[in-house]
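Input: a single structure, listed below in structure tokens.
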There are 4 protein chains.
Amino acid sequence: MPRVSRDYLDRRREEILAAALRCFAREGFHRTTMQDIVAESGLSPGALYRYFAAKEDLIAAIAARHHAAELALLRDAAERADVRLALRALVRAFLERLSDPGEQEWRRVTVQLWGEALRSPRVMRVVREGLDEPLAALAKLLRRVPGIDANATARLVASLFQGLVLQQAWDPALDVAAYARAAESLIDAVLGAAPARHSALVRQPRSRTSRQRR
Amino acid sequence: MPRVSRDYLDRRREEILAAALRCFAREGFHRTTMQDIVAESGLSPGALYRYFAAKEDLIAAIAARHHAAELALLRDAAERADVRLALRALVRAFLERLSDPGEQEWRRVTVQLWGEALRSPRVMRVVREGLDEPLAALAKLLRRVPGIDANATARLVASLFQGLVLQQAWDPALDVAAYARAAESLIDAVLGAAPARHSALVRQPRSRTSRQRR
Amino acid sequence: MPRVSRDYLDRRREEILAAALRCFAREGFHRTTMQDIVAESGLSPGALYRYFAAKEDLIAAIAARHHAAELALLRDAAERADVRLALRALVRAFLERLSDPGEQEWRRVTVQLWGEALRSPRVMRVVREGLDEPLAALAKLLRRVPGIDANATARLVASLFQGLVLQQAWDPALDVAAYARAAESLIDAVLGAAPARHSALVRQPRSRTSRQRR
Amino acid sequence: MPRVSRDYLDRRREEILAAALRCFAREGFHRTTMQDIVAESGLSPGALYRYFAAKEDLIAAIAARHHAAELALLRDAAERADVRLALRALVRAFLERLSDPGEQEWRRVTVQLWGEALRSPRVMRVVREGLDEPLAALAKLLRRVPGIDANATARLVASLFQGLVLQQAWDPALDVAAYARAAESLIDAVLGAAPARHSALVRQPRSRTSRQRR
DNA sequence: AATGAATGAGCTTTCATTCAT
DNA sequence: TATGAATGAAAGCTCATTCAT
């Protein structure tokens, strides 16, 4: 019989994940100590361990949360009837996310997750699910396009997003909008049609400030 | 006046890097201890530290070596007169590398490097050089294609390779050849021509066995 | 909100300092390992580091404690109206301390501190405070004596104590009482009066056994 | 049958000791590595070890050299017929040494030696000889003064010198000349005579520059 | 005699996790 | 439930010394 409401517990959980995310983005998984997260979250070590039994659980939970959001975004875009419009919506949605400074922390952590998956079967499971489901959704969409290998092409599309995440993590001043425009041209070319107008792409707030990460 | 030849020293250095690479691929940077590398290399800690003053130096040296090889591969392909042939040669060369089981360790380490760069300015420097030079070479090549943003498109191409490395690291059974074929179709589409025959792509030695690492 | 009382924490701290003192006296700063202190204190390394973040902190804390006690002793003696009586009280108090076998460890550590100060700005600060305050108190006292350089003479007096500490550390069988008597004669001579009776000087428990430490 | 002259060997030995002294003065015994001395002396480790079989041998050799010079200085002064003149000559000679910047390194090392003696029986032996012989010479001199404890007073005099060395090591800007004057007044008082003129005391080159030793 | 690469025990410090209160 | 002091294995790295050349 819980002494506090389920809701309260969930909120605490979210706070911890948010604190952990900030730490991981700032210092990396391995340089972040549980004490750092304890300090960032304002909890005590004992309290923290009631919610997450190990450091790796934090990593996995963050990854799961992350991928759920991405899959939602993808499904949302993929519902469109027209393949081209769907892909374009996807590019635009993704670009919007990348431009959100609040999401930058996710980005940095994502890249670390990729490497971490190679070490931890636990993280690998989450990360692969995070890729497989989007791949399936993309492939389903692309199967409507004749003359292409839908599965392989889905992977190409995934690569375009992964590469962008990576390159932007390394260089936050990267011109995301130009990348997106080029990606749309590419999509148009593949879909074998005249390029559509790039109506109203979100403008990339290119922060030209020196990006240093000590 | 050194007691041993320059050559001997260089060989030792290479042996150490090879030992470190094996360890990093197996256990990850952070789970690999210097003792692990010492054991793997058959040296003593003191000897190891004569060659590399810190663990991070090993990481950076491995990255540098890695990128030099990749750049060479890229330059080699890019010297072809025809853009399409150059890109195709590049895809093929890359695919061959990926198929080489001896290179699998590099792949796994590469993905870790990506995350590590976010934490270590030292590694970031090496990693960015490892991207910037290929990007410049690709952009130079793509500038010959009218109507595209050469720089952004170069990044797209880089993404295709990065995504492939990542996806293959996660799943060594990935059908690299299918990915390559789809990439070539994509290139053809962008270059605005009828797809060429995929004459003799290297066959991917698909190991279908599930690989688990504790 | 600490789980244990402030008092408990303070006691632990003192225990650690006492353990460290024993180790330092026995083996010297540099030959004493943190593991030695851990073993001597009965704590774990982690616990030790909760109280003192570095080995040097232990040294500095011991020095500070030491000097506070000495300053108190000096101030106590210096409050006497008569200069001669004050100096004599000081000599006597000091002699008593030196005779206390419980203080022998402090002595041995003191001498090491002197050298350590030359290397560590941290220790130097503590050590200089430990000299400057007594010097000021002595000079203040000596300013009442006409015809002498109070500051320089204060340093002479300090030297008499320092030399005694040093010589006794090297030879615990040293005849401290004889040294003290000679010092009192010297003080009498300087103060330009007939030597007073050496009423009741504490007897030095001369351990004549040769002490060897490996 | 030596391949090189005895003289050559001796010169090498001296060079090594000089290099070691510089290192010890700069970094302290324990922070100085044999590699530091190797670098400072321009030799190789192997060569260094032909002359001194262990680090401690260097320390002991430096101490022995040091004390021989001091004893000579003392004997030189003590030869005088008049006790007062002898002591005054001693003070003056000592003061000159202290003022010599070339000797500052010895001073810093001396203080470390004092602590080191407590750890190393080897060093203790040298250090005690370095005190006992001067004490004997001083006591012999002071036995001519009636009504004093020659041995204890010899120790007082030694303390005056030890304290000066210590205090100057901590603060090179210390007014050595004032200290010497006060010491002479003290001697005069003890010898029961009117203070003599302080004719030509060596001037202390008071460097008021900030004395920092990192 | 000299060289300098190599040795390897041992150092200080860290940190994920536990558990008495 | 929450607290935070405690644990202790293990990490990265150093350095006095040796010895094959």
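Here is the naming used below: chain letters follow the sequence lines, and residue numbers restart at 1 for every chain.
- Nucleotide E/dT14 forms a Watson-Crick or G-U wobble pair with F/dA9, both donor-acceptor distances falling under 3.5 Å.
- With 3.5 Å as the limit, one finds a donor-acceptor pair spanning the side chains of C/Glu116 and C/His30.
- Distance from the side chain of A/Pro45 is smallest to F/dG4 among F/dC13, F/dG4, E/dT13.
- Comparing C/Thr32 and C/Ala47 by the nucleotide of DNA chain E whose heavy atom lies nearest to each, the residue mapping closer to the 5' end is C/Thr32.
- Residue contacts shown for D/Met34 include a base, since a base heavy atom lies under 4.0 Å away.
- Considering only side-chain N and O atoms, D/Arg50 lies nowhere under 4.0 angstrom from the phosphate OP1 or OP2 of E/dT3.
- Looking at heavy-atom distances under 4.0 Å, C/Ala53 makes no contact with the nucleic acid at all.
- If B/Gln35 and C/Leu48 are placed on DNA chain F by their nearest nucleotide, the residue sitting closer to the 5' end is C/Leu48.
- Between the NE2 atom of B/His30 and the C1' atom of F/dA10 there is a distance of 16 Å, rounded to whole Å.
- Spacing between atom CD1 of D/Ile16 and atom C1' of E/dA2 amounts to 12 Å, rounded to whole angstrom units.
- Atom CG of D/Asp36 and atom C1' of F/dA16 are 12 Å apart (whole Å).
- Regarding contacts with the backbone of F/dG4, every side-chain N or O of C/Tyr8 stays at 4.0 angstrom or more from both OP1 and OP2.
- Put simply, B/Tyr49 has no side-chain N or O that comes within less than 4.0 Å of OP1 or OP2 on E/dA6.
- Side-chain atoms of B/Glu56 and B/Ser120 form a donor-acceptor pair, as typed in the model, at a separation below 3.5 Å.
- Judged purely by atom type and a 3.5 angstrom limit, D/Lys55 uses its side chain to pair as donor or acceptor with the backbone of D/Thr32.
- The phosphate of E/dT14 has neither OP1 nor OP2 within less than 4.0 Å of any side-chain N or O from A/Arg31.
- When the P atom of F/dC13 is taken as reference, atom CD1 of B/Ile37 falls 10 Å away, rounded to whole Å.
- Atoms CD1 (C/Ile59) and C1' (E/dT12) sit 13 Å apart, rounded to a whole Å.
- Across the protein-nucleic acid pair, C/Leu58 atom CG and E/dT13 atom C1' stand 13 Å apart, rounded to whole Å.
- Per the geometry, CG belonging to D/Leu43 stands 6 Å off P belonging to E/dT3, to the nearest Å.
- Heavy-atom minimum distance, A/His66 versus A/Leu113: ND1-CD2, 4.5 Å.
- Here the C1' atom of nucleotide E/dA6 and the CG atom of B/Leu9 are 12 Å apart, to the nearest Å.
- Backbone-only contact: C/Thr33 has heavy atoms under 4.0 Å from sugar-phosphate atoms and none from a base.
- Looking at which nucleotide of DNA chain E each of A/Glu56 and D/Gly46 is closest to, the 5′-most match is held by D/Gly46.
- D/Trp114 places no side-chain N or O within donor-acceptor distance of the main-chain N or O of C/Trp114, the cut-off being under 3.5 Å.
- Partner assigned to F/dA20 is E/dT3, using Watson-Crick or G-U wobble distances below 3.5 angstrom.
- Of all non-hydrogen atoms in D/Cys23 and D/Glu40, the two that sit nearest each other are SG-CB, 3.7 Å.
- The listed nucleotides are F/dA6, F/dA16, E/dT3; the one nearest the side chain of C/Tyr51 is F/dA6.
- Among the atoms of the strands shown, none is found under 4.0 Å from any heavy atom of C/Phe52.
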